[in-house]
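All heavy atoms count here, side chains included; hydrogens, waters and symmetry mates do not. Along the sequence shown, residues carry numbers from 1.
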Amino acid sequence: MCGIVGYIGKRKDIYPVLIKGLKRLEYRGYDSAGVAIIKDGEIISEKKIGKIKELEKKVGKGIIGGEVGIAHTRWATHGGVTDENAHPHFDCNNKIAIVHNGIIENWQTLKKLLEEEGHKFKTNTDSEILAHLIEKYYKEVKDLAKATRLALKKVIGAYGLLVISLDEPDKLVVARKGSPVAIGIGKAEYIVASDATPILEYTKKVIYLDDEEVAVINHEGYKVVDLENSDKEKKVNNLDWDITMAEKMGYDTFMLKEIFEQPDSITNTFRGRIIPEEGKIKFGGLNISDEELKGVKRIIISACGTAYYACLIGEYIIENLTEIPTEVEYASEFRYKKPVINGDCLFIAVTQSGETTDTLFALREAKNLGAKTLGICNVVGSSIAREVDGGIYLHSGPEIGVASTKAFTSMIVAQYLFGIYLAELIGKVDTKQTKELIYELQQLPDSVRRILTLSDEIREIAAKYQDNRNFLYLGRGNNFPIALEGALKLKEISYIHAEGYPAAEMKHGPIALIDENMPVVFIATKDKVYEKIMSNMQEVKARKGKIIAVANEGDKEIAKIADDVIYIPKTIDLLNPILTVIPLQLLAYHIAQRKCCDVDKPRNLAKSVTVE
Ligand code: M6R
């Protein structure tokens, strides 16, 4: 969703820093972009719908020089996609410029009040309110930071906000509530952004603002206060990502790079957390004592989208290993359903970005009701990572492609590690078993590597089916969530309609859809339901459906029924989804590529969904 970038510091030209920063945030999804720089006593600003390169064209040769600047990519919520509605927004006199992420819920009330006081609005966005409110208070207090604080006290909603003003041209004011802001601390320069990716190439030192905090940055340094102007001590964090991780490194797209990174990202999730010779798992930051964990009687795992499907697999793993009743809830549904929770309950929020609003609010609800909370999260220092009692970072590196791939497999690994840890703690598995479970985990990266060598073969299969308008994905047990995930990947990036079902459910309805135009993707590895899946395949074949099967190496029977087979190595049941999902990621990818879709930035989607 929207991205913000701000710069104040020693550089002579700050426009390239802002534009580069916006490009690093492109992956979040946007429909227009804009920039404002204070230079020689005026604010130079341009905004344009479309891609950042459209903005660059409009700016022409660039903006030379400047003292402080802000920039924005907008993902429209209030007000259509127009140049006018793009950020930055200005006050009546074009002296104050703001960029804003989030939604101001009481904007209509505030707008009416401000109009009655004579303010003239140029757009129909909620964000423009902020520029006018700050203007109103600036007239009274003649202090940009104070005027911003006073304005924010009137606002209901969420904001990641940057403010600059001609009256205080050596200052950048930054504020946050519900929408993340990171401040990179460089050598005599500060780069502010909605996440760390634009900051990485300048500095590894960052502070993260908390809700209702305001930072005032000038050339001498920074100060953080709350809305009441009380000083806030901020911890300086060291980013452990480097800039190459946020670049394509020779791949055509970020998504393909991230699919191919999985042998490493999977390893990074378990690295340092397994002691194979002792059959032990160790975590650094669970922050829940073994005694407390022993008292857990029920586990709720919650997330959205692909992360939700990873939770369904987590449920299977954790329940299987620990025998503790485990449920999975859509985060968006959980918070509105009057959940029954008590102190015996462990709530696990699973999220790549750590910023998904629905997941964050579900977590807060669970916390309020007394659950202990854990986060399984990729982005260090993100909102969810900071609000949980403890957690497990994925360490998968930045995931830029909007369609989640490597974070998904790491989420399964993290839940597997947690399941083994808890099962061992409560005596449900012995050392011999934990050693075996850890051994199988260690084999995964090589198996994934082998599957990735099938990419060209899968590309050929994609060519045969790319023109179909509907797909069915069928799996059973812990491969049912993989059917859901395979279908979601295809929908997201190729805009082909696809549905995932438990294979046995087909005969209860979806079978009506089967004909020669319906490709059915079966996940048919050799597990305890293999024979049943083979019967489902016969049912599809009998109705002239086309079958693409993901099967285990050496399975000759399946080739007799399926039109196309993708053979993958075998692993234990609990880990099988990590291997079965890789061909489905590649199938979706190649179909979308052949259809010339923008796989990294699919239409209408945002990487980090920070609205309800
Ligand atoms: O950052 P999160 O893991 O919390 O994001 C959750 C979903 O928005 C995300 O998985 C979404 O479904 C992806 N586009 C899937 O590819």
Would you sort out whether S383 and E355 count as a side-chain hydrogen bond (donor to acceptor under 3.5 Å, both in side chains), showing the intermediate values?
CA-CA 6 Å; S383 303; E355 302 295 348; 2.5 Å; yes
Step by step, work out the side chain to side chain contact (heavy atoms under 4.5 Å, CB included) result for Y208 and K234.
CA-CA 8 Å; Y208 298 103; K234 299 305 291 181; 6.0 Å; no
Test side chain to side chain contact (heavy atoms under 4.5 Å, CB included) applied to V224 and I207, step by step
CA-CA 10 Å; V224 180; I207 58 169; 4.1 Å; yes
Trace of the side chain to side chain contact (heavy atoms under 4.5 Å, CB included) decision for K367 with D389
CA-CA 9 Å; K367 254 185 137 169; D389 295 324; 3.8 Å; yes
Report the C-alpha distance between E117 and K136 in whole Å, list the side-chain angles of each, state the deciding distance to 0.1 Å, and finish with yes or no for salt bridge (charged side-chain N to carboxylate O under 4.0 Å, His left out).
CA-CA 9 Å; E117 290 178 16; K136 168 185 159 79; 3.1 Å; yes
Using the rule given for side chain to side chain contact (heavy atoms under 4.5 Å, CB included), can you reason through N124 versus H78, listing the C-alpha separation, both sets of side-chain angles and the distance that settles it, and then say yes or no?
CA-CA 7 Å; N124 37 29; H78 296 63; over 6 Å; no
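With no hydrogens or angles considered, no side-chain donor-acceptor pair links E189 and Y202 at under 3.5 Å. If you check the side chains of E399 and S404, you find a donor sitting under 3.5 Å from an acceptor. Side-chain contact, S410 with T269: a donor N or O sits under 3.5 Å from an acceptor N or O. A donor and an acceptor atom, one from each side chain of T125 and N85, are nowhere located under 3.5 Å apart.
Nearest heavy-atom pair across V68 and P169 is CG1-O, 3.2 Å. Here the shortest heavy-atom pairing between Y309 and L488 reads CE1-CD2, 3.8 Å. Looking at every heavy atom in both residues, A303 comes nearest to V350 through CB-O, 3.2 Å. In terms of heavy atoms, I4 sits closest to S194 at N-OG, 2.7 Å. G34 approaches P88 most closely through the heavy-atom pair C-CD, 3.7 Å. Here the shortest heavy-atom pairing between A403 and I493 reads CB-CG2, 3.8 Å.
At a threshold of 4.0 Å, the pair K406-E261 counts as salt-bridged, since one of the basic side-chain nitrogens sits closer than that to a carboxylate oxygen. Looking at E228 and K153, a side-chain N of the basic residue comes within less than 4.0 Å of a carboxylate O on the acidic one, giving a salt bridge. Classification of E116 and K112 as a salt-bridged pair holds, one side-chain N sitting under 4.0 Å from a carboxylate O. A salt bridge links R364 with D211: the closest approach of a Lys/Arg side-chain nitrogen to an acidic carboxylate oxygen falls below 4.0 angstrom. Of the charged side-chain nitrogens involved, none lies within less than 4.0 Å of a carboxylate oxygen, so that D210 and R176 do not count as a salt-bridged pair. Salt bridge absent: E128 and K111 never bring a charged side-chain N and a carboxylate O closer than 4.0 Å.
Sorted by first and then second residue, the ring-ring contact (aromatic ring centres under 6.0 Å, His included) pairs with a member in residues 36-72 read H72-H87; sequence neighbours excluded. Applying the side-chain hydrogen bond (donor to acceptor under 3.5 Å, both in side chains) test to every pair with at least one member in residues 158-170, sequence neighbours left out, gives these pairs: K95-D167, Y138-E168, E168-K171.
Ring pair Y308/Y330: centre-to-centre distance below 6.0 Å.
Within the 3.5 Å criterion, the main-chain N or O of N237 finds no donor-acceptor partner in the side chain of K205. In this structure a side-chain-to-backbone donor-acceptor pair under 3.5 Å is missing from K146 to V141. A donor-acceptor pair under 3.5 Å is formed between the side chain of R386 and the backbone N or O of G381. For N106 (side chain) and T109 (main-chain N/O), no donor-acceptor pair under 3.5 Å exists by modelled atom type. Panel note: side chain K47, backbone V35; no donor-acceptor pair is recorded below 3.5 Å. A donor-acceptor pair under 3.5 Å is formed between the side chain of N218 and the backbone N or O of G221. Side-chain N or O atoms of E387 include none that pairs as donor or acceptor with a backbone N or O of L363 at under 3.5 Å. With T306 contributing its side chain and F408 its backbone, the two residues share no donor-acceptor pair below 3.5 Å. Between the side chain of D13 and the backbone N or O of G65, at least one donor-acceptor pair lies under 3.5 Å. Between the side chain of Y7 and the backbone N or O of R11 there is at least one donor-acceptor pair closer than 3.5 Å.
Atoms OG1 and CG, from T73 and L55 in turn, are 10.5 Å apart once rounded to the nearest 0.5 Å. I199 contributes atom CD1, which lies 9.5 Å from atom CD1 of I185 (distance to the nearest 0.5 angstrom). For the atom pair K48 NZ and K57 NZ, the distance stands at 9.0 Å (nearest 0.5 Å). Between atom CZ of residue R24 and atom CG of residue D195 there is a gap of 11.0 Å, rounded to the nearest 0.5 Å. Atom CD1 of residue I134 and atom CZ of residue R149 lie 12.0 Å apart, to the nearest 0.5 angstrom. Note that CD of E115 and CG of L110 are 11.5 Å apart. Values are rounded to the nearest 0.5 Å.
With respect to Q585, the side-chain hydrogen bond (donor to acceptor under 3.5 Å, both in side chains) criterion is satisfied by exactly one of H590, Q262, E485: Q262.
Contact annotation: the side chain of P180 never approaches that of S382 to less than 4.5 Å [non-hydrogen atoms, C-beta and beyond]. The shortest side-chain heavy-atom distance between I376 and I348 falls under the 4.5 Å cut-off. Counting heavy atoms from C-beta on, the side chains of L161 and L130 come closer than 4.5 Å. The closest side-chain heavy-atom distance from K154 to Y137 is below 4.5 Å. The shortest side-chain heavy-atom distance between R74 and I49 does not fall under the 4.5 Å cut-off. Using a 4.5 Å heavy-atom threshold, the side chains of I217 and I183 count as touching. Residues V5 and V192 fail the side-chain proximity criterion, which asks for heavy atoms closer than 4.5 Å. Side-chain atoms of K223 and K232, non-hydrogen and from C-beta on, never get closer than 4.5 Å to each other.
In the displayed structure, K20 atom NZ is contacted under 6.0 Å by at most 12 heavy atoms of other residues, nucleotides or ligands. Within a 6.0 Å radius of NZ in K12, other residues, nucleotides and ligands contribute 12 heavy atoms or fewer. Taking a 6.0 Å sphere around NZ of K122, one finds it holds more than 12 heavy atoms contributed by other residues, nucleotides or ligands.
A cation-pi geometry, defined here as NZ or CZ lying under 6.0 Å from the six-membered ring centre and within 45° of its normal, does not hold between K39 and Y15. Geometric assessment of K248 against the ring of F254 yields a positive cation-pi assignment under the 6.0 Å and 45° thresholds. Judged by a 6.0 Å distance limit and a 45° cone about the ring axis, K489 is not positioned over the six-membered ring of Y589.
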